[in-house]
Structures are given as structure tokens and as C-alpha cells.
Amino acid sequence: MTRTVLVRVVLVAIVVVVVLLAAIWAVQRRLIYLPDRRPVPAAASVLPGTSETMVEDVRLRTADGLELGAWYLRPAGRDPAATVLVAGGNGGNRAGRAPLAAKLAQAGLAVLVFDYRGYGGNPGEPSEEGLALDVRAAHRFLTEDRRVPPGRLVYFGESLGSAVVTELALEHPPAGLLLRSPFVDLAAVGAELYPYLPVRLLLRDRFPVKERAARLRVPVVVVVGGRDSIVPPAQSREVAAAASARLVEIPGAGHNDPVLLDGPELVEAVTSLVPR
């Protein structure tokens with residue numbers, strides 16, 4: 001191979017790599033956010049009201065003008081012991097969190113389950129900045145519309161939602177914070193899933209959970225599955241240590257196993273944060 005040919009081969013290889021990285025940069029949010037965009041049924045059809053629980057469809061208004069769908073549940077005929085703001089993970093929509101919401105309501109808690117922008121029939125496209133606006137709209141609904149005092153508010157974050165509520169907790173401290181399968185930051189978990197890519201150089205959304213968790217001054221419980229193949233359990237343990245949190249590890253549980261979605265250990269972890 002002559003020097004001229006070698007130079008051409010190297011240049012072509014560089015162009016291919018640059019084009020590939022540019023394509024990944026452009027589509028990366030499609031790899032991070034996996035929304036079920038279909039409209040969610042009315043709360044009453046998914047979470048039928050009983051003598052013990054009341055359910056309600058509500059709308060949240062974000063600071064940038066979007067309207068988001070949400071469900072609000074509360075015990076019937078009595079004041080809730082606390083209110084739980086549930087921030088979901090990166091996939092599906094709030095219909096997948098219905099069993100959790102129902103069990104928390106049965107435990108005597110009010111619950112707000114909402115969908116991010118781009119999820120569950122909502123307008124917009126998800127991003128780190130957008131999700132921060134969305135959870136603040138949920139917080140405003142609870143504190144301004146429903147008059148929930150901060151001392152009776154618990155945040156629940158599922159996986160990616162752990163990053164969302166951790167940031168919110170620094171600005172608006174709750175009574176307690178439940179982080180389910182949190183990661184150190186998005187680049188750390190991305191490097192585990194895509195070890196062949198320069199993830200830290202490419203990421204537009206960062207979600208630095210561990211760094212923010214270290215600055216929390218509220219009670220924190222971290223729930224981790226011992227066989228989580230999406231978020232390495234070691235990363236969740238790092239977050240727990242940074243936040244001086246109580247760690248609840250469920251041996252043998254994978255990221256989307258039922259025990260981590262609405263199991264008794266998870267519900268108990270939430271109720272343990274309710275002020276006495």
C-alpha cells in the first residue's frame with residue numbers, strides 16, 4: 001500500500017467515525033428516553049375508586065407552557081399520613097406505575113403519579129431540562145393546589161426518576177426521599193450499557209445523581225435489586241453512601257421485576273419515610 005493510499009484510507013476511516021459519532025449525538029435521546037406515547041386511560045378505569053381510595057385525573061402546567069397528564073389518589077374519608085410524588089423511570093408511562101400507586105394509597109398515603117413530556121400522550125420531547133420543569137409542575141400542584149406542607153411530602157424516584165427527584169429535593173426539601181435503582185450519573189450507567197462508545201464525550205443529558213445526593217440534608221432510603229442488569233447495584237450503593245441513606249437491597253431482584261415495581265419491601269421503604 002502506497003503512502004497516498006494509506007492517507008486516503010485513514011481519511012475515510014476518520015470521516016466514517018465522525019459521521020457515526022454525529023449520528024449518535026443526534027439520536028442519543030431516543031436511546032435514553034423510551035416513552036409509551038399513547039394516551040393513558042382515565043384514572044377511574046385503571047385505578048377504580050373503592051371505599052378506601054379516591055382517584056382523580058388532574059392536569060399539570062409546566063413553566064414553559066406544556067400541559068401534562070397525572071393521577072391523584074388519596075385515602076377516602078380521612079387525611080393521608082403523607083403525600084408521595086412519584087417520578088417514573090425512562091420507559092413506559094404512568095399506567096405502569098398504577099399498582100404502586102394503588103398500594104401506596106392503600107397504605108394511607110396520597111399519591112401523585114404523572115407523565116413527563118412526550119410520555120402518555122403529553123406534548124413535547126423529553127430532556128434533562130424538560131424533566132426538571134415537569135417535576136416542578138407536579139410539586140407546584142401538590143404544594144399550591146392541594147396545600148401539602150413540605151413536612152408531609154415524600155419524593156419517590158424510579159431509576160431515571162431518582163435523578164429527577166434528587167435535583168428537586170435540593171431546591172424543595174421534602175420530608176423524605178426514596179430512590180429506587182439510582183445510578184451515579186447517566187454517563188456511568190451509559191458506559192456500562194455501551195462500553196464501545198465515548199459516552200462521557202457524547203452525552204447531552206447528565207443527571208449527576210451521586211454528586212447531588214451528597215448535598216442532600218433529608219432522610220433518604222435507597223432500594224436496589226441485587227441482580228439489576230440495567231443499573232449496576234454497585235452504583236446504587238455508591239449513591240446510598242453519598243447520601244448517608246438507609247440501603248434496602250433485595251437479593252435476586254432485577255431492574256423490572258415486580259418486587260422492585262410494587263413489592264412489599266418497596267412499599268415499606270416508602271412508609272418508613274413518613275413523619276411520625
Side-chain angles (χ1 to χ4, degrees), residues 35-36 38-62 66-89 92-117 119-123 134-158 161 164-165 168-169 172 174-178 180 221 223 258-276:
D36 184 337
R38 293 173 296 179
V40 177
S45 66
V46 180
L47 293 160
T50 68
S51 60
E52 297 179 351
T53 306
M54 299 172 60
V55 297
E56 181 183 353
D57 292 290
V58 298
R59 308 298 293 178
L60 313 176
R61 175 70 65 172
T62 68
L66 298 184
E67 191 173 82
L68 309 178
W71 295 331
Y72 180 67
L73 297 76
R74 56 169 293 142
R78 59 191 173 110
D79 292 332
T83 298
V84 183
L85 192 168
V86 176
N93 57 41
R94 67 185 182 276
R97 283 86 194 179
L100 171 66
K103 290 184 179 180
L104 292 176
Q106 290 165 10
L109 305 174
V111 187
L112 179 69
V113 186
F114 71 100
D115 276 320
Y116 306 122
R117 60 191 61 207
Y119 288 69
N122 288 335
D134 299 344
V135 77
R136 279 161 178 76
H139 180 267
R140 282 195 304 275
F141 170 82
L142 291 175
T143 57
E144 297 178 9
D145 188 289
R146 299 306 161 102
R147 304 292 183 183
V148 179
R152 288 288 163 184
L153 190 54
V154 174
Y155 300 161
F156 179 110
E158 172 199 319
V164 176
V165 294
L168 179 68
H172 300 289
L177 184 66
L178 189 291
R180 201 278 270 179
V221 177
V223 178
V259 69
L260 282 181
L261 299 178
D262 57 11
E265 296 92 340
L266 188 65
V267 173
E268 186 281 329
V270 177
T271 58
S272 73
L273 290 166
V274 174
R276 306 301 177 188

Closest non-hydrogen atom pair between Y72 and L142, with its separation: CE1-CD2, 4.0 Å

CG of D57 to CG of L47, rounded to nearest 0.5 Å, is 9.5 Å

Heavy-atom distance under 4.5 Å between the side chains of V154 and L85, does that happen here? no

Nearest non-hydrogen partners of G151 and A175, listed with the distance: O-CB, 3.4 Å

4.5 Å side-chain heavy-atom contact, H139 and L153: yes

Restricting to non-hydrogen atoms, name the atom on A169 and the atom on L177 that form the minimum distance, rounded to 0.1 Å. CB-CD2, 4.2 Å

Has T62 got a side-chain atom pairing as donor or acceptor with L66's backbone, closer than 3.5 angstrom? yes

Are P150 and H172 packed together at the side-chain level, in the sense that at least one heavy-atom pair is separated by less than 4.5 angstrom? no

Could you tell me whether the side chain of L168 reaches within less than 4.5 Å of the side chain of V164, counting heavy atoms only? no

Spacing of D36 atom CG and R94 atom CZ [to the nearest 0.5 Å]: 11.0 Å

Taking C-beta and beyond as the side chain, do V135 and Y116 meet within less than 4.5 Å on heavy atoms? no

Qualifying side-chain hydrogen bond (donor to acceptor under 3.5 Å, both in side chains) pairs with a residue from residues 264-276, counting only residues at least two apart or across chains: R246-S272

Please find the pair of heavy atoms, one from W71 and one from A95, that lie closest to each other, and give the distance. CH2-CA, 3.7 Å

Is a side-chain N or O of R152 found less than 3.5 angstrom from the main chain of P174, in a donor-acceptor match? no

Indicate the atoms forming the closest heavy-atom contact of V223 with A269, along with that distance. CG2-CB, 3.8 Å

Is any side-chain heavy atom of L266 less than 4.5 Å from a side-chain heavy atom of V259? no

Would you find a donor on one side and an acceptor on the other, under 3.5 Å apart, between the side chain of R74 and the backbone of V55? no

Without swapping roles, check the side chain of N122 against the backbone of D115 for a donor-acceptor pair under 3.5 Å. yes

Is the shortest side-chain heavy-atom distance between L261 and L100 below 4.5 Å? no

Could you tell me whether a side-chain N or O of R180 sits under 3.5 Å from a main-chain N or O of G161, the two making a donor and an acceptor? no

All pairs passing salt bridge (Lys or Arg N to Asp or Glu O under 4.0 Å) where residues 97-113 contributes a residue, at least two apart: R97-E158, K103-D262

Just checking R146: does its CZ atom have more than 12 heavy atoms from other residues, nucleotides or ligands closer to it than 6.0 angstrom? yes

Y119 side chain vs G88 backbone, donor-acceptor pair below 3.5 Å: no

At their closest point, which heavy atom of V111 faces which heavy atom of A105, and how far apart are they? CG2-N, 4.0 Å

Spell out, as yes or no, whether a donor-acceptor pair under 3.5 Å connects the side chain of S45 to the backbone of P41. no

Do the non-hydrogen side-chain atoms of L68 and D134 ever get within less than 4.5 Å of each other? yes

Could you walk me through whether F141 and L112 pass the side-chain contact (heavy atoms from CB on, under 4.5 Å) test, one step at a time? CA-CA 9 Å; F141 170 82; L112 179 69; 4.0 Å; yes

